[in-house]
Participant: 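Would you mind keeping the following structure in view while I ask a few things?
Keep in mind that what you see is a predicted model, and the values were worked out from it rather than measured. All chains are named by letter (A, B, ...) in the order of the sequence lines, taking the proteins before the strands, and each is independently numbered beginning at 1.
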Number of protein chains: 2
Amino acid sequence: MSRDVDDTRTRILNAAWQLLEQGAGKGVRMADVAALAGVSRQAVYLHFPSRAELLIETTRHIDAMHDVAGRLAASRAATGGLARLEAFIDTWSGYIPEVHGVCSALLAMRDTDAAAAAAWHDRMAAVREGCAAAVAALSADGMLRTDIDGDAATDILWTLLSVRNWEHLRQDCGWPQDRYVAAMKDLARRALTTD
Amino acid sequence: MSRDVDDTRTRILNAAWQLLEQGAGKGVRMADVAALAGVSRQAVYLHFPSRAELLIETTRHIDAMHDVAGRLAASRAATGGLARLEAFIDTWSGYIPEVHGVCSALLAMRDTDAAAAAAWHDRMAAVREGCAAAVAALSADGMLRTDIDGDAATDILWTLLSVRNWEHLRQDCGWPQDRYVAAMKDLARRALTTD
DNA sequence: GTGTCAATTGACACGATGTCAAATAGTGTT
DNA sequence: AACACTATTTGACATCGTGTCAATTGACAC
C-alpha cells in the first residue's frame, strides 16, 4: 500500500481537509495547505496538478476515511418505505457536516473550473441515486403520492436535501443539527407521502 | 435628476446587468462590463469603487427597473392566508429569474468580500420579511400548523424559496418555470398548513 | 560512489483587481 | 478667445493567487 498514514500526499490531504472544515471552505490557498502539511508549496503541485484536483481528491479521501459506502449500505437495510426514507436522511444529514467545507470550495470553483464542475456533478448524481432508491422504497410500500411520478418525487427530495439547504438552515437560520434532521424528515414525509 | 438613461453610470449598470444575466453571473470581469458599456475599464472605477459595489448597485438598479416594491405591495393585497401565500410565491418566483445572474455573482463574492456579504444578507433579510408576512397571514386564518411556531415556519418557507433551490430545480433538474412555481406552492402548502 | 526519487528553492508568467498620474476632450463662463 | 471645470482616456504599475520551470539538496538502495 503506497498510501501510508505519514505519506506526504496523505499529510497534504489531511491539511486540506482540516483547513476546509475549519474555514468552511473559504479562501483556502495552496500555500496554506502546504504550510499546514509542513511541506513546500511546490510539493503540493508534485502530488496534485491543480487546486481543483486537490479538492476532488480531498473529497475522495474524506469518503474513504468515513466509509460512506458502508453507511449507505446500512441505510438500505431498513425495512419499510418510511423507515428507509428516514434512514437515508439520517445517513446523508450526518455526512454533510463532515464534507461541508470541501463541498463549499468545490461549489465555488464550479463556475471557473470544468473538472470541479464534473466532480460536483458526479457527487450529486450519487446523492440523487440515494434519493431515487428511497422514493422507490416508498413507492413499493404504496406510500408515495400518486399525483406525481417517481422522477418528480426524486427531484424534490434531492432538492430538499441539498447541501445549500443544510447551509441555509444550519448557518443562516442558526438551527442545531438535530432540528435540521427532524425538519427534513418531516418535510420529506409531507412532500412525498400520501395522507 | 443626474441619472439620465444615457448616463455613463447607467450604461455601465445596464452592461453589467446584461452580462450577468446572459452568463448567469459566471466570470464577468470589470473589463467585460467596460467594453460592453463602450467605456474604458478605468471609467468603471470612476463610478464604482470596486467590483462588489458595482454588483450591489446593479441589484439596486434592477430593483428600480422592475418596481419590486410595487409588485410586493400587490401580493399583499390578496385576501385569505393561502391566497396570500401563493401570491407571494408568484411574485418572488417571477422575480428570481430577473436577478439570478447578479445573485449568483454576489453569492460567489460573499466569501471574499464583506460588502458583498452584507448586501446579500440585507437582500435575504427582506425576503424573509415577505415570508414572515405570508406566514402571519396563514396564522391569522388559522391555517398554520400548530406544532411549529411562526419563526420556524418562516425559516422553512424562506429555505424553500431560496435562490439556490430555484437554481437547482430549474437548472440541475431542468424543470420549466411554471412547474417550479406549482411545486413550490404545493410544497409550501404541505409544509406549513394544517390538514 | 552512483543513480534515483522526493522535496526544496527561487524565479517567473499569467489573469484579475485595484491604484495612480498625466494627457485629452467637452462644456460652459466671462 | 482664453479660462476653468469635469468626465474620460491612456498606460503604467502594485498585488495576490495559480501554475510552471529549472537547478539544487538529501536520503536511501545497489
Participant: Looking at B:R9 and B:D7, does any basic side-chain N land under 4.0 Å from a carboxylate oxygen?
Facilitator: no

Participant: Do the charged groups of A:K185 and A:D90 touch, with an N to O distance under 4.0 Å?
Facilitator: yes

Participant: Enter the inter-axis angle for the ends of the helix from C:dG1-D:dC30 to C:dT30-D:dA1 (five pairs per end, rounded to 10°).
Facilitator: 20°

Participant: Salt bridge between B:D186 and A:R145, side-chain N to carboxylate O under 4.0 Å?
Facilitator: yes

Participant: I need the CG-C1' distance between A:D111 and C:dG15, as an integer number of Å.
Facilitator: 17 Å

Participant: I want to check something: taking the side chain as every heavy atom from C-beta on, are B:V68 and B:R71 in contact at a cut-off of under 4.5 Å?
Facilitator: no

Participant: Between B:T159 and A:H168, does any side-chain donor sit less than 3.5 Å from a side-chain acceptor?
Facilitator: yes

Participant: Please figure out whether A:P49 or A:R29 has its closest DNA chain D nucleotide nearer the 5' end.
Facilitator: A:R29

Participant: Indicate yes or no: does B:E167 engage A:R164 in a salt bridge with an N to O separation below 4.0 Å.
Facilitator: no

Participant: What are the bounds, 5' to 3', of the part of DNA chain D that sits under 4.0 Å from heavy atoms of chain A?
Facilitator: D:dG17 to D:dC21

Participant: Would you say the side chain of A:R84 lies within less than 4.5 Å of the side chain of A:L138, judging by non-hydrogen atoms?
Facilitator: no

Participant: Return the residues of residues 31-44 of chain B meeting this criterion: a heavy atom under 4.0 Å from some atom of DNA chain D. Order them by number, or give none.
Facilitator: B:V39, B:S40, B:Q42, B:A43

Participant: Answer whether the closest heavy-atom distance between the side chains of A:S93 and A:W166 falls below 4.5 Å.
Facilitator: no

Participant: Are the charged groups of B:D113 and B:R51 less than 4.0 angstrom apart, N to O?
Facilitator: no

Participant: A:F48 versus A:L13: any side-chain heavy-atom pair under 4.5 Å?
Facilitator: yes

